[in-house]
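Some notes on the structure that comes next.
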Amino acid sequence: MPSPDFEALAQGGIRRLRAYDPGHDIVALRRKFPGGALVELGSNESPFGPSPRAVQAVSDCVASLHRYPDPLGSELKSALATHLQVDPARLMLGNGSHELLMMVAQVFAGPDAGVVASEFGFAVYAIAAQAAGAKFVRAPALPLGSAMPRGHDLDAIAAAVDADTQLVYLANPNNPSATWFSTAALATFLESVRSDVLVVVDEAYLEFVTSPELVSAVGLLDRFPNLIVTRTFSKAHGLAGLRVGYACAHPDLVAVLERVRESFNVGTPGLAAATASLADSVHLDSVRSANAAERDWLANQLRLRGARVGPSQTNFVLVDFERDATAIEASLVRKGIVLRPMAGYGLGNCLRITVGARGDNLQLLDALDQVLS
Ligand SMILES: Cc1ncc(COP(=O)(O)O)c(C=O)c1O
């Protein structure tokens, strides 16, 4: 029997879609560089690992792996509610924040809707919009200047919002540019958009922020019912492998989103580890300060080598080599150093480098010296 034309069978938005590019085949590379020899600085994971309390919580749930997880995630939601000082009804858990970013578009952006995000914004926003069949509108980023990163231009984003717009995605700080905007600027932006335009503020990297001008947008939820804040345990909490994220929004909005949530979307180990991790502020503080110190050190070392490094409030830096970085990246991979190429974002001269622990960073710099010489 001939196979049907699956492409033609897919709905229009999906036909135009290209799958998210996760970078290199990391498993194949680990096989090539066994025994932990691979230096993995391509996915913005935490080199400092999870809280020991989270590790303990995972091993404590081994005896109940035959049971389904709590479909409501009540314990984690209650811990998050206390931590964020919000009503638990404002919270929704996701299989990573990626799932929540997709669900928001699935629920609130149909085929006639417009979805606006910034140029050089996180790649998932365009995928989420297109998968929902919505029209994706890319607002220009701040112009290229001596301040290298092309950050969100909130005025341009506001100008791109039109009568069709139902959803706006902002990342603060943003991946891959590592740029950010102040909480005051966000509040001004939120005042300028219609109240029926939903605004997602993706705070995947918020725990790494050291600037006093940027605090979580969760504090703005009472003022702006159209605001949805997403956060994750994948980055500073070091739990990327467990897939736990959450959204915080108006309770009525959460209730609508809940209609499409798969009931067991976060597994038992993830729920337990995230709850335990929230209780370990000592670990999180140590990750935050170690990352900040290492971020400054690495950025300076890269600048000493002639690269342009944008400021960062995240656990990665965007590095502009001012020439096509494809060959540099390929040579580094051959030496067992994984970074993230940026050509897919139209930033072919740039590489995104996760801030590693000192040993990893030294190996990266050593390999880079060989490649650049
Ligand atoms: C800006 C941003 N948002 C969201 C995510 C998704 O993270 P997760 O699904 O692991 O929570 C990432 C992952 O890299 C990211 O960079």
Side-chain angles (χ1 to χ4, degrees), residues 19-24 26 40-47 49-50 54 73 76 80 91-106 115 117-129 131 141 149-152 167-181 186 199-209 214 216-217 228-248 261-262 265-267 269-271 273-274 277-278 291 312-318 338-342 344-345 347 352-355:
Y20 177 69
D21 174 9
H24 291 283
I26 205 77
E40 299 185 28
L41 301 175
S43 295
N44 300 340
E45 296 145 334
S46 172
L76 175 55
L80 278 169
L91 293 165
M92 167 144 173
L93 302 180
N95 191 255
S97 55
H98 189 149
E99 181 188 44
L100 296 162
L101 295 168
M102 297 294 292
M103 274 165 58
V104 170
Q106 181 193 356
V115 175
S118 175
E119 185 186 16
F120 311 122
F122 185 43
V124 164
Y125 312 147
I127 296 174
R150 297 78 166 163
H152 285 20
L167 192 57
V168 174
Y169 285 104
L170 307 174
N172 202 22
N174 182 47
N175 170 21
S177 61
T179 52
W180 69 98
F181 44 87
L186 173 63
V199 179
V200 176
V201 178
D202 173 353
E203 296 187 337
Y205 298 94
L206 191 92
E207 290 87 350
F208 297 113
V209 169
L214 172 53
S216 175
I228 305 171
V229 182
T230 59
R231 308 269 303 259
T232 183
F233 285 88
S234 298
K235 305 297 179 183
H237 287 273
L239 295 172
L242 289 176
R243 315 303 303 127
V244 193
Y246 57 96
C248 197
R261 185 179 67 82
E262 187 267 303
N265 62 336
V266 184
L271 292 170
S277 187
L278 263 190
N291 176 72
S312 168
Q313 287 286 297
T314 64
N315 69 336
F316 60 89
V317 285
L318 186 67
V338 184
L339 309 180
R340 181 59 68 96
M342 287 287 108
Y345 279 90
L347 298 169
R352 194 194 68 193
I353 305 179
T354 304
V355 177

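Order of appearance sets the numbers: ligands from 1, and atoms from 1 within every ligand.
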Only pairs under 3.5 Å count here: list side-chain donor-acceptor contacts from residues 233-241, not counting sequence neighbours, and write none if there are none.
unit_1 : atom_1 : unit_2 : atom_2 : d
Ser234 : OG     : Thr232 : OG1    : 3.0
Ser234 : OG     : Arg243 : NH1    : 3.3
Lys235 : NZ     : Ser43  : O      : 3.3
Lys235 : NZ     : Tyr205 : OH     : 3.4
His237 : ND1    : Ser277 : OG     : 2.6

### Qualifying residues under ring-ring contact (aromatic ring centres under 6.0 Å, His included), relative to Tyr345, sequence neighbours excluded
none
### Query
Should the pair Arg352 and Phe316 be classed as cation-pi, given the thresholds of under 6.0 Å to the six-membered ring centre and 45° from the axis?
yes
### Leu170 side chain reached by Leu186 side chain, heavy atoms, under 4.5 Å
yes
### Message
Using 0.5 Å steps for rounding, measure from the CG atom of Leu214 to the CH2 atom of Trp180.
### Response
8.5 Å
Enumerate, atom names and distances included, each donor-acceptor pair closer than 3.5 Å involving a side-chain atom of residues 92-102, sequence neighbours excluded.
unit_1 : atom_1 : unit_2 : atom_2 : d
Asn95  : ND2    : Asn265 : O      : 2.7
Glu99  : OE1    : Asn95  : N      : 2.7
Glu99  : OE1    : Asn265 : ND2    : 2.9

### Summary
At a 4.0 angstrom heavy-atom cut-off, ligand 1 is contacted by Gly96, Ser97, His98, Leu101, Phe122, Asn175, Asp202, Ala204, Tyr205, Thr232, Ser234, Lys235, Arg243
